[in-house]
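The structure under discussion appears below in the form of structure tokens.
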Amino acid sequence: MSETTLSAPDGRRDLLGLDRTELAAELAAIGAPPFRARQLWHWIYHRGVVDFAAMTSLAKGFRAELGERYAIGRPTVARDLQSTDGTRKWLLGFADGQEVEAVHIPEEDRGTLCVSSQVGCTLTCRFCHTGTQRLVRNLTAPEIVGQVMLTRDALGEWPSPPDGRLISNIVMMGMGEPLYNFDNVAKALAIIMDGEGISISKRRITLSTAGVAPMIERCGRELGVNLAISLHAVTDELRDRLVPLNRKYPIAELMAACRAYPGLSNARRITFEYVMLKDVNDSPADARALVRLLAGVPAKVNLIPFNPWPGAPFECASDAAIARFSQIVFDAGYASPVRTPRGQDIMAACGQLKSASLKAKRSERPAA
Ligand code: SAH
């Protein structure tokens, strides 16, 4: 049994998240010809069907056999919160009880799903709430794909519409560091991009990293997705503190990896994320240093107002400081949109929902 195969609670094998080769091998093992795997792929990933009985292009007997041996699973929904601004956040559970968050952000011209890659995180970025949780484990490819499948179920988006989708874009920007779980992320994204299934193009997928420099080239070459770098500081001194991974891969090494990103051009720019922290990294001098750092890199800058959480050691920069910063970056020729905070009423800081759920579980436990 492939280690990425999930088991349904009743012992049937879960087909969700198998790639094409694995699915074909699975069916070959029960004597079905290769075109059956293709038909099944269509039902699972284009139509979103979870019940074999509804797969009407397959012979009845074959449907019954599939149903006896296999399941097509989904993560369970532990919480489902909808913000007044339309942002929707799910806390999703997996077979071993671990939970991650997925967030849908609807906008006028697109709908973005923010997907998690790990349960918890090892990076301990100081401003990030998930950074206060320890890493529990990597997500498997089925668990990453499962986030997309479940949220599309919830949004009623089957079969895959060609245009005007509620989920048109994917950002690997949820909990965890995707470049520390590269193989599972790569496998999941291949399934998500497959043109006969979910079919979200690599141009509409962005992978965000805290700066695992040695993996960046592979990300571009093998996945070809858009790259976002969580920069947040322009000196090693400050970045060492905010993003401790910087001690391993300092800014110069990270920027060199960015300059060499396969496929980089003015039409395909790297996004540099910069969280605006009051009196920490929000001065005009910081903005000018940022511009110098980006010289020669096809880049855009995403200014993110700090999203506070209880006990966080920072405050958000003022609107004036953010506007001033944005203007300097813009005047230097870079797009520098300020990301409007979304879903403030539903525990928006990444990881907060999961922490709240953990706390609740602890307090539910009977006293010894
Ligand atoms: N590990 C990856 C992806 C997860 S974080 C990475 O670091 O890029 C996704 C983005 O949200 C990162 O840019 C991160 O720095 C930012 N972020 C995390 N906590 C935040 C907070 N409280 N306020 C604003 N942005 C935050």
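Start at 1 and go down the list; that is how both ligands and their atoms are numbered.
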Worksheet item: Does R79 come within less than 4.0 Å of E99, counting only side-chain N to carboxylate O?
Response: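 No.
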
Worksheet item: What pair of heavy atoms forms the shortest contact from L166 to H104, and how long is it?
Response: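 Heavy-atom minimum between the residues: O-NE2, 2.6 Å.
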
Please could you name the atoms of ligand 1 that [X] approaches to less than 4.0 Å, counting only its heavy atoms?
X: I304; value: 24 (C), 25 (N)
X: A210; value: 6 (C), 7 (O), 8 (O)
X: G176; value: 1 (N), 2 (C), 3 (C), 4 (C)

Can you tell which part of [X] has a heavy atom less than 4.0 Å from ligand 1: side chain, backbone, both or neither?
X: E273; answer: side chain
X: T209; answer: backbone
X: W309; answer: side chain

Tell me which one of [options] gets a heavy atom nearest to [atom].
atom: atom 4 (C) of ligand 1; options: G174, C316, P178, S117; value: G174
atom: atom 14 (C) of ligand 1; options: R339, M173, H232; value: H232
atom: atom 23 (N) of ligand 1; options: V171, V115, L242, N307; value: N307

Worksheet item: Are any of the N or O atoms of P305 closer than 3.5 Å to those of ligand 1?
Response: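 No; the residue has no nitrogen or oxygen that sits under 3.5 Å from a nitrogen or oxygen of the ligand.
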
Worksheet item: Hey, is ligand 1 close enough to C128 that some N/O pair sits below 3.5 Å?
Response: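 No, there is no polar N/O contact under 3.5 Å.
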
Item to complete: Applying side chain to side chain donor-acceptor pair (under 3.5 Å), run through T209 and E177 and close with a yes or a no.
Response: CA-CA 6 Å; T209 178; E177 169 49 53; 2.8 Å; yes

Discussion item. Quick check: is V185 connected to V100 through a chain of hydrophobic side chains (ILVMFWY, heavy atoms under 4.5 Å apart)?
Written reply: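 V100 and V185: one cluster.
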
Worksheet item: Where does the angle between the aromatic ring planes of Y274 and F325 fall among parallel (under 30°), tilted (30 to 60°) and perpendicular (over 60°)?
Response: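 Tilted: the ring planes of Y274 and F325 meet at 30° to 60°.
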
Worksheet item: According to the interplanar angle, ranging from 0 to 90°, do the rings of W309 and H129 count as parallel (below 30°), tilted (30 to 60°) or perpendicular (above 60°)?
Response: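 Perpendicular, since the angle between the ring planes exceeds 60°.
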
Practice prompt. Calculate, to the nearest 0.5 Å, the distance between atoms CD and CZ belonging to E273 and R339 respectively.
Written response: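 Answer rounded to 0.5 Å: 5.5 Å.
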
Fill in: Pair F272 + Y334: ring centers closer than 6.0 Å
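No, the ring centres sit 6.0 Å or more apart.
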
